[in-house]
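Remarks on the structure that follows.
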Number of protein chains: 2
Amino acid sequence: MEDLVTSSEPCDDTPKRKPRADSVRNRARLLAAAADVFRAGGPDASLEAVARSAGVGIGTLYRHFPTREALFQAVYRREVDELVELARRLGDGDTAPLEAIRAWLRASVRMVATKKGMIAALAPAVDASAEIYVDSAARIRGCLARLLERARAAGQVREDITPDEILRVMIGLAYSRDQLGWQESVVRLLDIFVDGLATHPDRPPLST
Amino acid sequence: MEDLVTSSEPCDDTPKRKPRADSVRNRARLLAAAADVFRAGGPDASLEAVARSAGVGIGTLYRHFPTREALFQAVYRREVDELVELARRLGDGDTAPLEAIRAWLRASVRMVATKKGMIAALAPAVDASAEIYVDSAARIRGCLARLLERARAAGQVREDITPDEILRVMIGLAYSRDQLGWQESVVRLLDIFVDGLATHPDRPPLST
DNA sequence: TTGAAAACGGAGGCAGCCTCCGTATATTGC
DNA sequence: GCAATATACGGAGGCTGCCTCCGTTTTCAA
């Protein structure tokens with residue numbers, strides 16, 4: 001159950017050649033174009049538009065990503081990568097721990113917001129079983145947990161809050177409405193929420 | 001702001017003739033077929049399939065319902081009508097008030113469940129502004145409120161619960177997962193919830 | 001340099017969306 | 001009943017998107 005593909009035989013199924021340069025390039029182009037197109041048109045956007053925008057043929061798109069879902073997941077994974085990378089930078093840097101959380105949440109919302117198609121992908125991050133989503137959800141939870149742990153160690157946030165709860169607040173807020181200006185509203189509410197997270201010695205813990 | 005269409009001149013824009021029989025018949029057929037097709041295929045199901053299933057031409061469908069949304073809303077309104085009618089019967093009948101609520105919730109979930117396309121329509125019932133949804137949400141809330149009031153008057157449910165909260169539980173439960181057997185699960189959870197609604201004099205009220 | 005593995009790209013078949021308009025039919029006035 | 005006409009019907013047609021298939025092109029490595 002541990003070496004399905006990755007470990008046992010390092011180079012067994014693809015020892016032949018190094019990947020072709022054009023293939024790599026086109027794949028990258030497709031991912032970038034897909035991000036743009038999904039951003040603008042949601043998850044139902046035309047795949048032919050993606051191919052056009054990437055400057056490749058539709059066949060090339062389908063070779064790299066056999067299904068809409070595959071392409072969507074690849075884009076999603078990249079978004080998650082960025083989120084994780086941002087968390088790493090915020091955690092390593094000299095940003096105050098609580099402000100790091102604030103910044104990360106803002107970035108997350110902005111990402112979810114601008115790319116409204118992503119909502120459909122992030123929502124599963126709470127509870128879905130579609131392999132990649134489980135994995136991504138774990139990574140997101142993980143890096144948020146690290147940020148939170150750091151803030152906790154610095155005594156800057158209350159003890160009785162979990163990464164899951166924060167995530168749920170973020171997704172819940174973002175999921176609800178998509179009226180004009182909702183993004184600002186959500187960011188503001190998140191800010192207030194983070195304020196509330198700050199340690200207040202005189203306030204009793206949440207009743208859970 | 002009060003007589004845009006309905007009041008001022010009772011029969012002004014359509015005083016001409018009585019509606020043609022075939023038109024009425026086809027509209028009914030289309031609604032029935034649409035319910036079936038959406039039931040099976042979700043809100044993205046093919047409109048041509050609806051027309052085929054209704055035994056009318058695609059043009060006829062588009063004359064009656066100029067957009068997918070219009071057809072969907074008409075179907076939705078019918079579903080809501082049924083729900084409201086069921087509530088009325090349950091409220092008038094000799095069903096025990098609490099059991100009436102239980103039965104109504106089960107019916108609602110079953111309706112939402114079987115017709116998974118409806119979820120997308122019921123979810124807005126919590127907070128959306130698309131005219132019909134606001135209206136339908138109000139009607140649903142209203143008839144649930146009546147059921148609840150009756151149970152309350154009979155001393156069968158705790159005082160500190162609102163129709164909105166119950167609705168939110170129902171929709172929240174139904175919205176989340178659509179794995180195999182989820183419907184049974186949701187119905188069971190709702191049952192437990194209704195059990196919890198029952199008056200327990202020794203238990204303190206919810207902390208809201 | 002050259003051959004073949006790998007990737008490209010788009011034509012083509014299919015399905016759904018929606019419009020338009022010639023044809024069919026119900027209703028009304030006589 | 002019968003004509004006149006308002007009304008509704010239906011599907012062809014133009015468009016777009018989905019996805020597959022395969023002849024052509026490019027890249028890698030010997």
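Here is the naming used below: chain letters follow the sequence lines, and residue numbers restart at 1 for every chain. The figures here come from the full heavy-atom set of this structure, side chains too, leaving out hydrogens, waters and symmetry mates.
Using a 4.0 Å cut-off on heavy atoms, the residues of residues 21-33 of chain A that approach DNA chain C are A/D22, A/S23, A/N26, listed by number.
Spacing between atom CG of A/L61 and atom C1' of D/dC19 amounts to 11 Å, rounded to whole angstrom units. Atom CZ in A/F65 sits about 17 Å away from atom C1' in D/dC18, given to the nearest Å. In this structure, B/R20 places its CZ atom 5 Å from C1' of C/dT25, rounding to the nearest Å. As a whole-Å value, the separation of B/K18 NZ from C/dT25 P is 18 Å.
For A/A33, the side chain to side chain contact (heavy atoms under 4.5 Å, CB included) partners are A/V50, A/S53, A/A54, not counting sequence neighbours. Here B/A96 pairs with B/E99 under the side chain to side chain contact (heavy atoms under 4.5 Å, CB included) rule; sequence neighbours left out. With sequence neighbours excluded, no residue satisfies salt bridge (charged side-chain N to carboxylate O under 4.0 Å, His left out) with A/R52. With sequence neighbours excluded, the residues satisfying salt bridge (charged side-chain N to carboxylate O under 4.0 Å, His left out) with B/D92 are B/R88. Here B/R146 pairs with B/C143 under the side chain to side chain contact (heavy atoms under 4.5 Å, CB included) rule; sequence neighbours left out. Under the salt bridge (charged side-chain N to carboxylate O under 4.0 Å, His left out) criterion, B/R89 pairs with B/E85, sequence neighbours left out. Checked against salt bridge (charged side-chain N to carboxylate O under 4.0 Å, His left out), A/R150 has no partners two or more places apart in sequence or in another chain. With sequence neighbours left out, A/R78 forms a side chain to side chain contact (heavy atoms under 4.5 Å, CB included) with A/L31.
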Could you pull out all donor-acceptor pairs under 3.5 Å where a side-chain atom in residues 57-65 of chain A meets a protein atom, sequence neighbours excluded?
none

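For C/dA7, neither phosphate oxygen OP1 nor OP2 lies less than 4.0 angstrom from any side-chain nitrogen or oxygen of A/H64.
At least one donor-acceptor pair under 3.5 Å links the side chain of B/W104 to the backbone N or O of B/L83.
Using a 4.0 Å cut-off between charged nitrogen and carboxylate oxygen, A/D44 and A/R68 do not count as a salt-bridge pair.
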Legend entry - Per-nucleotide protein contact string for nucleotides 10-22 of chain C (B base, S sugar-phosphate only, - none; heavy atom under 4.0 Å): BB----SBBB---
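In this structure, the helix from C/dT1-D/dA30 to C/dC30-D/dG1 shows an angle of 10° between the axis at its start and the axis at its end, each fitted on 5 base pairs and rounded to 10°.
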